[in-house]
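Worksheet for the structure shown next.
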Amino acid sequence: MSGADDFAPRLLAWFDGHGRHDLPWQHPRTPYRVWLSEIMLQQTQVKTATGYFERFVAALPDLPALAAAPLDDVLALWSGLGYYARARNLHAAARRCVDDYGGELPRDLDALTALPGIGRSTAAAILSQAWGERCAILDGNVKRVLSRYHGVEGWPGKPAIEKQLWTLAERHVAHPSLAPARMPDYTQAQMDLGATICTRAKPACVLCPLQSDCVARIEGRTGELPTPRPAKVLPQRSAQVLWLEDAQGRVLLQRRPPTGVWASLWSLPQLDDAEGTDAWWSSHIGTARSEGAALDPIDHAFSHYRLQLHPRRWSGVEPAPRLRDNDALRWLRYDELATLGIPAPVRRLIETARN
DNA sequence: AATGCGGGGAA
DNA sequence: TTCCCAGCATT
């Protein structure tokens, strides 16, 4: 057997001295807190998620509390974190746990994976960290570490490559020296190595416990592995944003459609173009409208397109009958904005320009 | 197999 | 600027 077989014990020995032992979800490391952290950390860096995690568990300290909370409260706690389907799935999964599993997470890979928002890697992370089950994870860190360690070519997002990496991850987690009691540390160790040593750019190979057997290190190819995602040009879109204030200085928010970006979040009324704005104004207000005050455009980048928002502002708008609060429209005081899930750039616009 | 889905950190 | 991060669901 080559040294590749020693992956797990070497990693674990390194973790004891150099891993991260003070992350907020580690104290206490309950299934609920592990679950929440794993969901928040999907496509999200630790530094970004930490503050959200602290606020979330302070407001909703356990699974039954989450299940009992209104979805809008959960979205408000998620506001600014992005990928809001995670929050909706989290909430739905909590309710299903109350209905089907006595208010706890199931200790079972298939049952966990069947819950919304939990895939194979997240389920394995929960099982290994919360209960010490022998499960392999494969997140962005592990993909990078294994791609380099084994010299796996090809973009890890490609299903065929991902399948290879799963096989390698399963092999390492099966190492006989790896005791179940150390599974939480082993799982954490892989992510810590990827986050602190085997980083995307300029990895600290000289500090790596796996350096003597790492193919990328040995062949001087850490800059080429893992193979980057094929580049593509992002489409550019634009939209009109309407900032309406009534005589009391309240702002009009509209619930976004249940599908698409920012699904079901509250935001300023947003239209595709000038014609859309005209139509919205006539259907919601009726009277002829003024131009409003044009504000600086906002450039926002999504992972799949760029969006330029063109905000305009009106004050002293008299609510027409159809403009009263309903399921999709709400006049809100500025000090109430924190109670709703609002897209980050829209919240930023309002907070910075509201004087 | 490919695409949709946020926001921010880092080079 | 560009890349990608503790991914998953949908098509």
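Here is how names work: the chains are called A, B, and so on, in the same order as the sequence lines, proteins then strands, and each is numbered from 1. Note that the structure is predicted; figures quoted are calculated from it, not measured.
- Close to dA6(C), at under 4.0 Å from its OP1 or OP2, lies no side-chain N or O of Thr122(A).
- Between Arg348(A) and dG8(B) there is a side-chain polar atom (N or O) within less than 4.0 angstrom of OP1 or OP2.
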Are there any protein N/O atoms within less than 3.5 Å of an N/O atom in nucleotides 1-4 of chain B, and if so, which ones and at what distance?
none

Check: Please walk me through it: do Arg312(A) and Glu291(A) pass salt bridge (Lys or Arg N to Asp or Glu O under 4.0 Å)?
Finding: CA-CA 8 Å; Arg312(A) 262 184 297 169; Glu291(A) 276 303 304; 3.4 Å; yes

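- As a whole-Å value, the separation of Leu75(A) CG from dG6(B) P is 11 Å.
- For Asn141(A), counting side-chain heavy atoms from C-beta on, the closest listed nucleotide (dC3(C), dG6(B), dA6(C)) is dA6(C).
- Leu23(A) and Ile197(A) are members of different hydrophobic clusters when ILVMFWY side chains are connected at heavy-atom separations under 4.5 Å.
- In this structure, Arg144(A) reaches the dC5(C) phosphate: one of its side-chain N or O atoms is under 4.0 Å from OP1 or OP2.
- The side chain to side chain donor-acceptor pair (under 3.5 Å) test applied to Arg120(A) returns Glu170(A), not counting sequence neighbours.
- Heavy atoms of Gly194(A) sit nowhere under 4.0 angstrom from any nucleic acid atom.
- Side-chain proximity of Phe302(A) to the nucleotides dC8(C), dG6(B), dA6(C) is greatest for dG6(B).
- Rounded to an integer number of Å, the gap from CD1 of Ile298(A) to P of dG8(B) is 13 Å.
- By the ring pair (Phe, Tyr, Trp, His ring centres under 6.0 Å) test, Trp35(A) pairs with no residue at all, sequence neighbours left out.
- Residue Tyr84(A) places its side chain closer to dG7(B) than to any other of dC5(C), dC5(B), dG7(B).
- The side chain of Gln42(A) sits closest to dC8(C) out of dC8(C), dA6(C), dG7(B).
- Phe302(A) is linked by a ring pair (Phe, Tyr, Trp, His ring centres under 6.0 Å) to Trp262(A), His300(A), Tyr305(A), counting only residues two or more places apart in sequence or in another chain.
- Under 4.0 angstrom from either OP1 or OP2 of dG7(B) there lies at least one side-chain N or O belonging to Trp262(A).
- Side-chain proximity of Ser303(A) to dA6(C), dC5(B), dC4(C): nearest is dC5(B).
- Of the candidates dA6(C), dC4(C), dG7(B), dG7(B) carries the atom nearest the Pro345(A) side chain, counting heavy atoms from C-beta on.
- Between the side chains of Thr122(A) and Gln42(A), at least one donor N or O sits under 3.5 Å from an acceptor N or O.
- Taking atom CG on Leu138(A) and atom P on dG7(C), their separation rounds to 10 Å, with Å as the unit.
- Out of dC5(B), dG9(B), dA6(C), the shortest distance to the side chain of Arg20(A) is found at dA6(C).
- Looking at Thr187(A), its side chain never comes within 3.5 Å of a backbone N or O of Pro184(A) through a donor-acceptor pair.
- No side-chain N or O of Gln248(A) forms a donor-acceptor pair with one of Arg333(A) less than 3.5 Å apart.
- Trp25(A) does not carry Arg33(A) over the face of its six-membered ring by the limits of under 6.0 Å from the centre and within 45° of the normal.
- Nucleic acid contact class of Gln188(A) (heavy atoms, under 4.0 Å, all strands): base.
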Detail all sub-3.5 Å separations between protein N/O atoms and N/O atoms belonging to nucleotides 9-11 of chain C.
unit_1	atom_1	unit_2	atom_2	d
dA9(C)	OP1	Gly117(A)	N	2.7

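- OP1 or OP2 of dT2(C) lies within a sub-4.0 Å distance of a side-chain N or O belonging to Arg306(A).
- Looking only at atom types and distance, the side chain of Tyr149(A) has no donor-acceptor partner in the side chain of Gln211(A) under 3.5 Å away.
- There is a side-chain donor-acceptor pair under 3.5 Å between Arg10(A) and Ser212(A).
- The main-chain N or O of Ala263(A) is never found under 3.5 Å from a side-chain atom of Arg255(A) such that the two would form a donor-acceptor pair.
- Residues from residues 44-53 of chain A with heavy atoms under 4.0 angstrom of DNA chain B, sorted by number: Thr44(A), Gln45(A), Lys47(A), Thr48(A).
- Here Ala344(A) lies in heavy-atom contact (under 4.0 Å) with sugar-phosphate atoms only.
- Of the side-chain N and O atoms in His300(A), one or more sit less than 4.0 angstrom from OP1 or OP2 of dG7(B).
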Next item on the list: Verify salt bridge (Lys or Arg N to Asp or Glu O under 4.0 Å) between Arg354(A) and Glu245(A), making sure each step is shown before the conclusion.
Entry: CA-CA 10 Å; Arg354(A) 74 172 153 119; Glu245(A) 268 179 16; over 6 Å; no

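- Summarising the geometry, the separation between CZ on Arg88(A) and C1' on dG6(B) is reported as 12 Å, rounded to the nearest angstrom.
- For Tyr83(A) and dG6(B), the OH to C1' distance is 6 Å, given to the nearest whole Å.
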